[in-house]
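All values below were derived from every heavy atom in this structure, side-chain atoms included, with hydrogens, water molecules and symmetry-related copies excluded. None of these values were measured; they are calculated from a predicted model. Letters A, B, ... mirror the listed sequences (proteins, then strands); counts begin at 1.
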There are 2 protein chains.
Amino acid sequence: MARPREFDMDTAVDGAMQIFWRLGYAATNLPELLHAMGVSRGSFYKAFGDKHSAYLAALDHYDRTCIGSAVKLLCDRSIGDGAARILRLFEQTGCGESVAPRGCFVCNAMVELGPHDPAVAKKTAAMSNRLQAAIYDALGDVPGLNPYDTESRHRKAAIITRLYLGAQAMSKTGDRNADWKNLLGELLNRRIA
Amino acid sequence: MARPREFDMDTAVDGAMQIFWRLGYAATNLPELLHAMGVSRGSFYKAFGDKHSAYLAALDHYDRTCIGSAVKLLCDRSIGDGAARILRLFEQTGCGESVAPRGCFVCNAMVELGPHDPAVAKKTAAMSNRLQAAIYDALGDVPGLNPYDTESRHRKAAIITRLYLGAQAMSKTGDRNADWKNLLGELLNRRIA
DNA sequence: ATAATTAGGAACCAATTGGTACAAAACAAA
DNA sequence: TTTGTTTTGTACCAATTGGTTCCTAATTAT
């Protein structure tokens, strides 16, 4: 009963995520954002309301896609034990050898907007908690590590989550730490995989 | 033989550091920056050149002051052994109970500008390296930890540095992890202090 | 067909952006 | 006091900012 939208909603949100991820919120201006989303000005304001709402939608999209696959990876027993899965997470996204380091959108968002934007703070905190919970679960499946010492598991999960975010931050200056096998081995006090 | 400047250079740079630290580079506009520095427009452009140069000066100031005292703390044997000193670092700056979390300026800068600004990337990388080196040194003074296993020390220092930066990032969403004694104890595999 | 409803896109907007120009002012050396 | 040099503050600037208006286009229901 009305004109259908010509752009694909998911593609647009994904484009928004890409550019916000790469440039940050403040440094992304409207023309660039619209180009990345493949949407014209009118459609954008009709569909999203304003720049800030588009940013929140991009964060949700990141949660669904990137955080989602990270959690799935950490749960995938076909990869190996919990330590192998955590190692895989770091090797894949924890600042590998990619030429253009995007880092982690969650890290970017919490650092840039966390203290000034309650909505962003809430979403990013939820995402890092989700990641930490998945790491905690994976730690329950590490041979030689007592899965019933939940205190220790929680502490290790907290450490690894912060290690991950810190590595993401440092990757933005060109830091490449490919030695995750030994680093995580040091942390878990055992050889991995 | 000329008119002396009326503002204090160090105070101005410190003011610039404060506002950039709190708001970030892009989100700090010139009027706010000038107010924080206590300098008028004309004086600002004469003394600093432009906004970006002022940001670099603020980063250098952070290196001299905050990073400097962190390094000094890590070297201060009157505090206790290396583990106690590292613990102190986290308790003091690793997102304590302060109401308004500023996080770490190095973390902010590398995340916001690292990939797009070589000068910022270089300075922030240098500062995180400086911190990591001081942590490495402190690890040489932890009873029960073999100081001659330099490989392990380097790995532990790398982990702790990233743990630190990750905690700084998460502090911006309100995350308060006051349990550093147990977390670092878990990491170093021994009771601390 | 036509009415109703929504998307699209360009023109437009006030406000703000970082940065410049320049003249008045404040000092030191002569 | 005069001269030379630098600082200061204001007025000004073009460009850009995020956002709105409004007319046209495209579709469905009747």
Side-chain angles (χ1 to χ4, degrees), chain A residues 1-61 108-109 112-113 116-120, chain B residues 1-61 108-109 112-113 116-120:
Chain A
M1 103 181 172
R3 177 178 179 175
R5 55 166 54 114
E6 293 176 7
F7 69 91
D8 179 61
M9 195 61 176
D10 214 60
T11 306
V13 174
D14 191 78
M17 181 186 76
Q18 300 293 341
I19 192 97
F20 279 135
W21 189 351
R22 186 157 54 87
L23 301 183
Y25 180 75
T28 300
N29 59 25
L30 228 28
E32 277 176 310
L33 177 58
L34 298 176
H35 178 77
M37 297 177 75
V39 173
S40 79
R41 238 181 163 78
S43 308
F44 172 82
Y45 278 100
K46 190 144 304 186
F48 294 93
D50 61 2
K51 183 185 175 185
H52 185 256
S53 301
Y55 188 80
L56 295 182
L59 273 179
D60 287 337
H61 186 68
N108 299 358
E112 183 184 5
L113 299 176
H116 314 290
D117 192 322
V120 171
Chain B
M1 111 180 176
R3 177 177 178 175
R5 57 167 52 115
E6 292 177 8
F7 68 91
D8 179 61
M9 194 63 175
D10 214 60
T11 306
V13 175
D14 192 78
M17 181 187 78
Q18 300 292 341
I19 192 101
F20 280 135
W21 187 353
R22 186 156 56 88
L23 302 182
Y25 180 75
T28 300
N29 59 27
L30 227 29
E32 277 175 310
L33 177 58
L34 298 176
H35 178 76
M37 298 178 73
V39 173
S40 79
R41 235 182 166 78
S43 308
F44 172 81
Y45 278 100
K46 187 141 300 192
F48 294 93
D50 60 1
K51 184 185 174 184
H52 185 256
S53 301
Y55 188 80
L56 296 181
L59 273 179
D60 286 336
H61 186 68
N108 299 359
E112 183 184 4
L113 299 176
H116 315 290
D117 192 321
V120 171

**Student:** Heavy-atom nearest nucleotide on DNA chain C for A:Arg5 versus B:Tyr45: which residue maps closer to 5'?
**Tutor:** A:Arg5
**Student:** From the 5' end of DNA chain C to its 3' end, which nucleotides mark the outer limits of contact with chain A, defined by a 4.0 Å heavy-atom distance cut-off (strictly under)?
**Tutor:**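 First and last nucleotides in contact are C:dA4 to C:dA11.
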**Student:** Distance check needed: D:dA11 P versus B:Phe44 CZ, whole Å only.
**Tutor:**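 It works out to 20 Å between those atoms.
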**Student:** May I ask you to check whether B:Asp14 and B:Thr11 show a side-chain donor-acceptor distance below 3.5 Å?
**Tutor:**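 No, because no side-chain N or O of B:Asp14 sits under 3.5 Å from a partner of the opposite role on B:Thr11.
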**Student:** For a quick test of reading the model, state the closest non-hydrogen atom pair linking A:Ala57 to A:Val13 and the distance between them.
**Tutor:**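 Result for this residue pair: O-CG1, 3.7 Å.
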**Student:** Going 5' to 3' along nucleotides 21-30 of chain D, which nucleotides have protein heavy atoms under 4.0 Å from the base (write B), which only from the sugar-phosphate (write S), and which from neither (write -)?
**Tutor:** ----BBBSS-
**Student:** So what does B:Phe48 hit on the nucleic acid, given a heavy-atom distance under 4.0 Å: a base, only sugar-phosphate, or nothing?
**Tutor:** nothing
**Student:** Taking salt bridge (Lys or Arg N to Asp or Glu O under 4.0 Å) as the test, write out the residues that go with A:Asp10, two or more places apart.
**Tutor:**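 With sequence neighbours excluded, A:Asp10 shows a salt bridge (Lys or Arg N to Asp or Glu O under 4.0 Å) to no residue whatsoever.
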**Student:** Which residues pass the salt bridge (Lys or Arg N to Asp or Glu O under 4.0 Å) test with A:Asp8, sequence neighbours left out?
**Tutor:**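 Residues passing salt bridge (Lys or Arg N to Asp or Glu O under 4.0 Å) with A:Asp8: none at all.
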**Student:** Among residues at least two apart in sequence or on other chains, which ones pass salt bridge (Lys or Arg N to Asp or Glu O under 4.0 Å) with B:Arg41?
**Tutor:**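 Not a single residue meets the salt bridge (Lys or Arg N to Asp or Glu O under 4.0 Å) criterion with B:Arg41.
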**Student:** Tell me, please, which residues at least two apart from B:Arg5 pass salt bridge (Lys or Arg N to Asp or Glu O under 4.0 Å).
**Tutor:**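 Expected list: none.
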**Student:** Compare every heavy atom of A:Gly38 with every heavy atom of A:Phe7, then report the nearest pair and how far apart it is.
**Tutor:**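 Minimum heavy-atom contact is CB-O, 4.1 Å.
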**Student:** For B:Ala119, which residues count as a side chain to side chain contact (heavy atoms under 4.5 Å, CB included) partner, sequence neighbours excluded?
**Tutor:**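 B:Ala119 satisfies side chain to side chain contact (heavy atoms under 4.5 Å, CB included) with B:Leu56, B:Asp117 only.
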**Student:** Any residue in residues 12-39 of chain A with a heavy atom nearer than 4.0 angstrom to DNA chain D? Just list them by number, or reply none.
**Tutor:** A:Thr28, A:Asn29, A:Leu30
**Student:** Within this structure, what is the NZ-to-P distance between A:Lys51 and D:dG18, rounded to whole angstrom?
**Tutor:**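 Value for this atom pair: 4 Å.
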**Student:** Identify each donor-acceptor pair in which a side-chain atom of residues 17-37 of chain A lies under 3.5 Å from a protein atom, sequence neighbours left out, and give them as a table.
**Tutor:**
from, atom 1, to, atom 2, distance (Å)
A:Gln18, OE1, A:Arg102, NH1, 3.1
A:Trp21, NE1, A:Arg102, O, 3.1
A:Trp21, NE1, A:Gly103, O, 3.3
A:Tyr25, OH, A:His52, N, 3.4
A:Thr28, OG1, A:Gly24, O, 2.6
A:Asn29, OD1, A:Glu32, N, 3.1

**Student:** Identify the heavy atoms of A:Glu6 and A:Arg3 that sit nearest to each other, and give their distance.
**Tutor:** OE2-NH2, 2.7 Å
**Student:** Enter the inter-axis angle for the ends of the helix from C:dA1-D:dT30 to C:dA30-D:dT1 (five pairs per end, rounded to 10°).
**Tutor:** 0°
**Student:** Using the ring-ring contact (aromatic ring centres under 6.0 Å, His included) criterion, which residues pair with A:Phe44? Sequence neighbours excluded.
**Tutor:** A:Phe48
